[in-house]
Each structure stands twice: as structure tokens, then as C-alpha cells.
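Read through the structure below, which is laid out as C-alpha cells, and then see the notes.
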Amino acid sequence: MTAAAILAAAFTACMPYADAYEAMEKEGKARIMAGLNGKGNITEVWANPKGAWTAFVTTPEGTSCPLDWGKEGVASYPKPKPGRPA
């Protein structure tokens, strides 16, 4: 399956994590964020140097489902420091 076909399927259905990972790498995207929620799901954001991004949520069983994507405008911020923001 080509990266384009995997990405097209990603936005209509969930897939095994390995397929999502492979598609992101073929699109030149790298994982820039991952977070674990209270249900054991992992949310990941992948982006390329041009700013295109994709967000997935992955279940503990290894099923990845698309959340959203964009062609540009990804930005990263420094890790928050403990305490109240200034």
C-alpha cells in the first residue's frame, strides 16, 4: 500500500499503528508530540519541516485513528515550567 493510499484511508478509518507510523515517515513527518491520557490512549502529532501535520490517537491495543491534519501552520512551544504562568 502506498503512503498516499494509507493516508487516504487514515482519514476515513482507523488502522494498525504500524501502518500509521509508516505513512507518516513516508510523508517526511516526524513525531513532535505524544501524550498519554487517563484511558491509556496516546495522542501523537507528526509534522514535516514545511509545517504539514497529522494528529492520531492510538489505543492500548495498537489501533490508530485520525483526529485532524493540516497543510501548514504547525508550531512548537517550550515545555511548560512548574508553577503559574507569568
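The structure presented is a predicted model; accordingly, all values stated were derived computationally and were not measured.
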Start with the C-alpha distance between Thr54 and Met24, add both sets of side-chain angles, then the distance that settles side-chain contact (heavy atoms from CB on, under 4.5 Å), and finish with yes or no. CA-CA 8 Å; Thr54 303; Met24 294 297 97; 3.6 Å; yes
Distance alone, cut at 3.5 Å: any donor-acceptor contact between the side chains of Glu44 and Tyr21?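 There is no such pair (donor and acceptor under 3.5 Å, judged by atom type) between the side chains of Glu44 and Tyr21.
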Under 3.5 Å, is there a donor-acceptor pair between the Glu61 and Thr59 side chains? yes
Would Leu67 and Thr43 satisfy side-chain contact (heavy atoms from CB on, under 4.5 Å), going step by step from the backbone distance to the final call? CA-CA 9 Å; Leu67 294 174; Thr43 299; 3.8 Å; yes
Give a yes or no on whether Met33 and Trp53 share a hydrophobic cluster (residues Ile, Leu, Val, Met, Phe, Trp, Tyr; joining criterion: side-chain heavy atoms under 4.5 Å apart). yes
Quick one: do Phe56 and Tyr17 end up in the same hydrophobic cluster if we chain Ile, Leu, Val, Met, Phe, Trp and Tyr together by side-chain heavy atoms under 4.5 Å apart?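 Yes, one cluster joins them.
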Roughly how far, to the nearest 0.5 Å, is the CE atom of Met15 from the CD atom of Glu22? 10.5 Å
Can you tell if the side chain of Arg31 reaches within under 4.5 Å of the side chain of Val45, non-hydrogen atoms only? no
Nearest heavy-atom neighbours spanning Pro60 and Gly40: CG-O, 3.4 Å
Shortest non-hydrogen pair, Pro49 vs Gly28, comes out as CD-O, 4.0 Å
Glu25/Lys29 ion pair, N-O < 4.0 Å: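 Looking at Glu25 and Lys29, the cut-off is not met.
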Flag, side chain of Thr58 to backbone of Gly62, donor-acceptor distance under 3.5 Å: no
